[in-house]
**Q** 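Provided herewith is a single structure, encoded as structure tokens, for subsequent inquiry.
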Amino acid sequence: MRSGRRDFGRDRAAMVAMQLRDRGIHDERVLGAMGAIPREAFVEAQDRSFAYADEALPIEAGQTISQPYMVARMTELLDVQPGERILEIGTGSGYQAAVLAKLGARVTSIERQAELVPPARARLRDLGLGDLVEVRVADGSLGDPGGAPWDGIIVTAAAPSIPAGLRDQLADGGHLVIPVGPRARQILMDVTRHGEEWSERPDGACVFVPLIGAGGFGG
Ligand code: SAH
């Protein structure tokens, strides 16, 4: 299929309407951010014509860019306010970080696959979001205690259980959004801090690539 002449703006608007709004994403700011970030810039060249398909797509290093609905739902659960400091674990393509930055968040995003980081940084810079997102190469499976408290933490890879320490790194009232479960299938968990107590709410099934490291699989 030819992708060069494709009208990505129209594809993006249709994605927001049918995959997000019609399926229950209500937060207008999230819908606006998803309608503004060009997902075609975050997928591999040969997949551009599928950039707004209702699915995750492969990126370098055997990883994936999440399905648009999942990005929107996780962002909605995080309840990001402008100026908040958000920790993302699993930069991948940089798309989720771009959506968070578009909402005015200051994002620290950690990625363990070094080869993914230069292209992610370049995409964010080209969109004028480079100053809002710091991308770092590390094992982020135990979070980043040095930067805590975080106003929100989003883990975009599957963890066998909630990694030790992530709850403690949340600011009061903050959300930790994380897929938890075995490698094949997980439940998206929304953990909210209330002082020294944490509530946990399951938000449905999902499938993510594994979080690899000390707090994840094979640590
Ligand atoms: N948020 C990404 C999708 C990420 S896919 C996007 O919008 O495109 C999950 C990513 O988590 C992969 O790139 C994988 O390499 C990374 N990852 C897995 N374990 C990790 C760890 N311990 N620390 C940081 N990143 C990790």
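First listed ligand is number 1; within each ligand, the first listed atom is number 1. Side chains are part of it too, since the values below use all heavy atoms of this structure and drop only hydrogens, waters and symmetry mates.
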**Q** Any heavy atom of Gly215 sitting closer than 4.0 Å to ligand 1?
**A** no

**Q** Can you list the ligand 1 atoms lying under 4.0 Å from a non-hydrogen atom of Ile65?
**A** 8 (O)

**Q** For atom 1 (N) of ligand 1, which of Gly218, Ala120, Gly90 has the closest heavy atom?
**A** Gly90

**Q** Using a 4.0 Å heavy-atom threshold (strictly under), name the region of Thr156 that reaches ligand 1: side chain, backbone, both or neither.
**A** both

**Q** If Ile, Leu, Val, Met, Phe, Trp and Tyr residues are connected whenever their side-chain heavy atoms lie under 4.5 Å apart, and connections chain through other members, are Ile187 and Ile178 in the same group?
**A** yes

**Q** How many angstroms lie between atom CZ of Arg193 and atom OG of Ser199, to the nearest 0.5 angstrom?
**A** 12.0 Å

**Q** Please tell me if the side chains of Gln169 and Pro149 come closer than 4.5 Å, counting only heavy atoms from C-beta onward.
**A** no

**Q** Check for me whether Ile59 has a heavy atom closer than 4.0 Å to any atom of ligand 1.
**A** no

**Q** Donor-acceptor pair, Trp150 side chain versus Glu88 backbone, under 3.5 Å?
**A** no

**Q** Checking side-chain contact (heavy atoms from CB on, under 4.5 Å) against Thr64, which of Val209, Thr156, Val207, Leu57 comes through?
**A** Val209

**Q** Going hydrophobic residue to hydrophobic residue with side-chain gaps under 4.5 angstrom, can you get from Met74 over to Leu100?
**A** yes

**Q** Classify the contact between Val71 and ligand 1 as side chain, backbone, both or neither, using a heavy-atom distance cut-off of under 4.0 Å.
**A** neither

**Q** When you measure from atom 14 (C) of ligand 1 to each heavy atom in Glu115, Gln63, Met70, Gln96, which option holds the nearest one?
**A** Gln63

**Q** Report yes if Glu111 has an N/O atom closer than 3.5 Å to an N/O atom of ligand 1; otherwise report no.
**A** yes

**Q** So which bit of Ala97 gets within less than 4.0 Å of ligand 1, heavy atoms only: side chain, backbone, both or neither?
**A** neither

**Q** If you draw the axis of the six-membered ring of Tyr52, does the NZ or CZ of Arg39 fall within 45° of it and under 6.0 Å from the ring centre?
**A** no

**Q** Look at atom 8 (O) of ligand 1 and say which protein heavy atom is nearest, naming residue and atom and giving the distance to 0.1 Å.
**A** Ser93 OG, 2.6 Å

**Q** Which of the atoms in ligand 1, numbered in the order shown and given with their element, are less than 4.0 Å from a heavy-atom of Val209?
**A** 5 (S), 9 (C)

**Q** Could you go through the side chain to side chain donor-acceptor pair (under 3.5 Å) check for Thr75 and Gln96 one step at a time?
**A** CA-CA 8 Å; Thr75 305; Gln96 173 75 69; 2.9 Å; yes

**Q** Ile110 heavy atoms, cut-off 4.0 Å: which ligand 1 atoms fall inside?
**A** 24 (C), 25 (N)

**Q** Measure the distance from atom 19 (N) of ligand 1 to every protein heavy atom, then report the residue, atom name and distance (to 0.1 Å) of the closest one.
**A** Ile212 N, 3.0 Å

**Q** Which atoms from ligand 1 have a heavy atom of Tyr95 less than 4.0 Å away?
**A** 7 (O)

**Q** Hey, does Leu211 come in under 3.5 Å of ligand 1, counting only N/O atoms on both sides?
**A** no

**Q** Short list, please: which atoms of ligand 1 are under 4.0 Å from a heavy atom of Glu88?
**A** 1 (N)

**Q** Out of all atoms in ligand 1, which are within 4.0 Å of some heavy atom of Ala138? Include the element for each.
**A** 23 (N), 24 (C)

**Q** Distance check, rounded to the nearest 0.5 Å: His194 atom NE2 versus Glu196 atom CD?
**A** 12.0 Å

